[in-house]
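In what follows, chains carry the letters A, B, and so on, assigned in the order in which the sequence lines appear, proteins first and then strands, with residues in each chain numbered from 1. What you see below is based on every heavy atom in this structure, not just the backbone, and it leaves out hydrogens, waters and symmetry mates.
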Amino acid sequence: MSLKIYNSFSRTKETFVPITPGYVGMYVCGPTVSGESHLGHARPYISFDVVNRYLKYLGYRVRYVRNITDAGHFEEEGRESEDKVSKKALLEKLEPMELVQKYSNLYHWAMKQFNCTEPSIEPTATGHIIEQIVMIEKIISAGYAYEKNGSVYFDVKKYAANYDYGKLSGRIIEDLLETTRELDGQEEKRDRADFALWKAAPPEHIMRWKSPWGEGFPGWHIECSAMATKYLGETFDIHGGGMDLQFPHHESEIAQSTICNKVAPVNYWMHNNMITINGRKMGKSYNNVIKLTEMFSGNHPLLSQPFHPMTIRFFILQSHYRSTLDFSNEALLASEKAFKRLWEAYEVLQSLPIGAHEDAKDEQLEAKLLKWLLEFDEFMDDDFSTPKILANMFEIAPIINSLKDGLIPEGTLSSSTLLLMKQKFAIFLEDILGLQGMNGPKNAQFEGMIDLLIAIRKDAKAKKDFATSDRIRLQLLELGIHINDEKDGNMSWGRI
RNA sequence: GGUCCUUUGGCCGAGUGGCUAGGCAAAGCUCUGCAAAAGCUUCUACAGCGGUUCGAAUCCGCUAGGGACCUCCA
């Protein structure tokens, strides 16, 4: 069995073979930190986090590079453009690094909430200006870029004559060259399809660096090429990002790197699909975004309540990363409930005694269970089919609960199968899917108090003092803690 | 306008040509002091039309709806 990855470049599932046996280099386009991340941004980070985790599970040493774009046009939403004008005092003026800092912190905080593994390297565009300039120089000397009025453009027409520009995104070069759209700096370009490698900075532009072509700032695409090459090499294994980056961003990355390094940069291109809202892509330009802080706080007209980051993670993993995923409050509520049920079953599973049963009394059940468990690996190997794993886990959940309640008697399953269940669930649910319980960190003092209340309630029930018993239950419920009465008179609790 | 994708039961979503995806909601039952939880059961759909095939949600064509990219975008 081997890992298969859908490669956007070939449009087929391919068996994954790393360049260096045992090692994987993976680059994922990170955020532009000029604003807050929204729900749509969460998808690539969670999806590729799972890819990263699974590759590690398979035994690879992964160098996971995810950049931060902190160079370019920096304006804070709602802030007057006058802020940029130089006549203002320094402290009154927009300081781009202030925004970069603010939104980087917020982004890192959100990633932590989602339990996303930190990348091995998180390079910033501003920290790699020199590398970008060097790369542009190489492209110019190779004859595939030209300077005009302090800006440098990539010569797409020339590139397309010798290489396949548009293959990744399924673009037809003739169409691109004929585009009639008016763009900034269009008159400087030889062809409409040319893209900027370096832009001369107009006087009011705050972010600027010296370059062989005058003061300016790097173009949109060059940072990823420069940083990926620097940390992963001229050709690396996996490049990930949102589908909307395929063109022109990734297409241009291929062109830049191919000219600069004389070799195609990426073996496997992976693209996650969009999160939609009422069937429409969630995006700034559509004015339909829900920020992550709003998701977590519930402070948004479309949300009926706050949603825990793990609910969102689960929601995202319930669909395949290459399908669109339609957001709605209702869908999220369903995910929350489902995830709670699954997680409670998981906790029950871990507390089940293994016993000493060499053979299963119910071989059919045992066989079914083993099949479901072994499929976890198959599903992940098949282009990271996380929804199928979750489906199998939900098949198993009632069995776990029945074991606990004695509806399935002890010894029905062999000890080895029970052990395998525990292991597979722990590995896949926690290590690979990266899910966590929603009850927060353990607090012995708090839990001790709940246990005390439960003990009192048990006594009350034994004495048929239902007034006390209900009082404890209902008042705890008001505080957000529910108590479950179980078959054997035991009580368990959890947060709502 | 160009390129491409998509249309699955009340909702969200998997689906490799033949075998129950799964979740949520809903209904019934069991358990139960009540409630909840849990278990069992029911709800069996693939936009429409035509074609290929022994057999299609799955392949092909047409029609209709929705969407993405072509401009910053995860």
Side-chain angles (χ1 to χ4, degrees), chain A residues 11 13 28-32 34-35 37-48 69 72-73 166 169-172 174-176 178-184 193 220 240-249 251 271-276 278-286 289 314-315 318-320 322-328 330-342 344-345 348 379 382 385-395 397-402 404-408 461 464-466 469-470 473-474 477 482-487 489 491-494:
Chain A
R11 282 149 221 271
K13 274 185 205 169
V28 173
C29 289
T32 302
S34 62
S37 299
H38 59 73
L39 180 61
H41 295 118
R43 194 164 197 195
Y45 306 138
I46 290 172
S47 300
F48 290 108
T69 299
H73 294 280
S169 53
R171 236 33 53 151
I172 296 163
E174 286 73 24
D175 294 345
L176 292 172
E178 281 166 20
T179 306
T180 54
R181 197 179 286 271
E182 281 307 320
L183 289 171
D184 184 43
W220 176 32
M243 251 175 198
D244 50 354
L245 295 183
Q246 237 174 37
F247 189 89
H249 187 54
E251 198 70 63
H271 291 98
N272 64 276
N273 214 318
M274 302 292 106
I275 288 185
T276 59
N278 295 322
R280 166 145 249 173
K281 174 186 170 184
M282 188 178 281
K284 218 165 157 182
S285 35
Y286 296 120
V289 302
F314 178 83
F315 171 67
Q318 251 186 322
S319 72
H320 190 264
R322 282 191 291 110
S323 304
T324 54
L325 169 60
D326 201 48
F327 161 86
S328 68
E330 205 188 347
L332 226 40
L333 285 171
S335 285
E336 181 184 81
K337 214 162 170 191
F339 177 57
K340 276 187 180 164
R341 194 163 82 86
L342 182 63
E344 273 171 27
V348 166
F379 291 156
D382 184 18
S385 299
T386 56
K388 289 188 179 177
I389 293 180
L390 291 171
N392 273 19
M393 287 182 172
F394 276 106
E395 295 277 13
I399 295 172
I400 293 170
N401 288 326
S402 296
K404 177 195 171 205
D405 290 342
L407 295 171
I408 297 177
K461 271 188 83 165
K464 299 216 187 291
D465 176 8
F466 297 124
S469 138
D470 286 353
R473 193 187 76 218
L474 294 172
L477 193 64
H482 66 86
I483 289 189
N484 296 337
D485 289 335
E486 293 172 0
K487 282 221 162 9
M491 296 175 196
S492 62
W493 65 276

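- With sequence neighbours left out, A:S402 forms a side-chain contact (heavy atoms from CB on, under 4.5 Å) with A:L407, A:I408.
- Scanning both residues, A:D326 and A:N278, for their nearest heavy atoms gives OD1-N, 3.6 Å.
- Taking CD of A:E344 as the reference point, atom CD1 of A:I400 lies at 12.0 Å (rounded to 0.5 Å).
- Checked against side-chain contact (heavy atoms from CB on, under 4.5 Å), A:D244 has the following partners two or more places apart in sequence or in another chain: A:M274, A:K281.
- By the 30° and 60° cut-offs, the orientation of the rings of A:H41 relative to A:Y45 is parallel.
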Give me, pair by pair, the N or O atoms of the protein and of nucleotides 45-48 of chain B that are less than 3.5 Å apart, along with how far apart they are.
none

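- Counting any heavy atom pair closer than 4.0 Å across all strands shown, A:M282 reaches a base atom.
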5' to 3', nucleotides 12-18 of chain B under a 4.0 Å protein heavy-atom cut-off (B base, S sugar-phosphate only, - none) gives SSS----

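- If you check every strand for non-hydrogen atoms under 4.0 Å, A:A338 touches sugar and phosphate atoms only.
- No side-chain heavy atom of A:K284 sits less than 4.5 Å from a side-chain heavy atom of A:H38.
- For A:F339, the ring-ring contact (aromatic ring centres under 6.0 Å, His included) partners are A:F314, A:W343, not counting sequence neighbours.
- Across B:U42 and B:G9, the matching C1' atoms stand 14 Å from one another, rounded to whole Å.
- In this structure, the side chain of A:S328 engages the main chain of A:A331 through a donor-acceptor pair within 3.5 Å.
- Between A:K281 and A:G241, the residue anchored nearer the 5' end of RNA chain B, judged by the nucleotide with its closest heavy atom, is A:K281.
- Separation of the C1' atoms belonging to B:U20 and B:C43 is 13 Å when rounded to the nearest angstrom.
- Across B:A21, B:A74, B:C11, the shortest atom-to-atom separation from the side chain of A:E395 is found for B:A21.
- In this structure, A:D244 places its CG atom 17 Å from P of B:C5, rounding to the nearest Å.
- For A:E251, the side-chain contact (heavy atoms from CB on, under 4.5 Å) partners are A:Y165, A:L168, A:S169, A:F247, not counting sequence neighbours.
- At a threshold of 4.0 angstrom between heavy atoms, the contacts of A:F466 include nucleobase atoms, whether or not backbone atoms are also involved.
- Judged as a salt bridge (charged side-chain N to carboxylate O under 4.0 Å, His left out), and not counting sequence neighbours, the contacts of A:K13 are A:D382.
- Rounded to a whole Å, the CE atom of A:M243 is 14 Å from the P atom of B:C70.
- In this structure, A:I275 and A:F327 approach most closely via the heavy-atom pair CG2-CB, 4.1 Å.
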Apply the test side chain to side chain donor-acceptor pair (under 3.5 Å) to residues A:S323 and A:N273: give CA-CA distance (whole Å), side-chain angles for both, the deciding distance (0.1 Å), then the verdict. CA-CA 5 Å; A:S323 304; A:N273 214 318; over 6 Å; no

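- Between the CZ atom of A:R473 and the P atom of B:G33 there is a distance of 12 Å, rounded to whole Å.
- Each of A:S335 and A:H482 was matched to the nucleotide of RNA chain B holding its nearest heavy atom; the match closer to the 5' end belongs to A:S335.
- The minimum heavy-atom distance between A:S319 and A:P387, with the atom names listed, is C-CG, 3.6 Å.
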N/O-N/O pairs, protein side and nucleotides 2-4 of chain B side, under 3.5 Å:
from : atom 1 : to     : atom 2 : distance (Å)
B:G2 : O2'    : A:D175 : OD2    : 2.6
B:U3 : O2'    : A:G170 : O      : 2.8

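- Closest approach to the A:E330 side chain among B:A74, B:G33, B:C11 is made by B:C11 (side chain taken as heavy atoms from C-beta onward).
- In this structure, A:Y286 places its OH atom 14 Å from P of B:C72, rounding to the nearest Å.
- Rounded to whole angstrom, the span from the NZ atom of A:K461 across to the P atom of B:A36 amounts to 14 Å.
- Judged by distance alone, with hydrogens and angles left aside, A:N392 brings no side-chain donor or acceptor close enough to the base of B:G22 to form a pair under 3.5 Å.
- Taking atom NZ of residue A:K337 and atom C1' of nucleotide B:G23, one finds them 11 Å apart after rounding to whole Å.
- One P atom belongs to B:C19, the other to B:C24, and the distance between them is 25 Å to the nearest Å.
- Nucleotides B:G67 and B:U52 have their P atoms positioned 34 Å apart, rounded to a whole Å.
- The two residues A:L245 and A:C29 come nearest to each other via the heavy atoms CD1-CB, 3.7 Å.
- Within 4.0 Å (heavy atoms only), A:G40 reaches at least one base atom of the nucleic acid.
- What you find for A:S469 and A:K461 is that their closest heavy atoms are OG-CG, 3.6 Å.
- A:H38 places its NE2 atom 12 Å from the C1' atom of B:C72, with the value rounded to the nearest Å.
- Checking side-chain atoms of A:N272 against main-chain N and O of A:R322 turns up no donor-acceptor pair under 3.5 Å.
- In this structure, the ring-ring contact (aromatic ring centres under 6.0 Å, His included) partners of A:H249, at least two apart in sequence or on a different chain, are A:W220, A:H221.
- For the C1' atoms, the distance from B:A56 to B:G17 is 6 Å, rounded to whole Å.
- Applying the side-chain contact (heavy atoms from CB on, under 4.5 Å) rule to A:E395 yields the partners A:W372; only residues at least two apart in sequence or on another chain are considered.
- If you check distances only, the side chain of A:D485 never reaches the base of B:C31 with a donor-acceptor pair under 3.5 Å.
- Counting to the nearest Å, the P atom of B:A74 and the OH atom of A:Y45 are 6 Å from each other.
- With hydrogens and angles disregarded, no donor-acceptor distance shorter than 3.5 Å links the side chain of A:R473 to the backbone of A:I483.
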Dot-bracket for RNA chain B, 5' to 3', Watson-Crick and G-U pairs with both distances under 3.5 Å, [ ] for crossing pairs, | for partner on another strand, reads (((((((..(((.....[...))).(((((.......)))))....(((((..]....))))))))))))....

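- The P atoms of B:A45 and B:G22 are separated by 15 Å, rounded to the nearest whole Å.
- Rounded to whole Å, the separation between the P atoms of B:C12 and B:G2 comes to 31 Å.
- Comparing B:C59 with B:C70, their P atoms are spaced 28 Å from each other, to the whole Å.
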Treat primed atoms plus P, OP1 and OP2 as sugar-phosphate and everything else as base, then score nucleotides 39-44 of chain B 5' to 3': B for base contact with protein heavy atoms under 4.0 Å, S for sugar-phosphate contact only, - for none. SS----

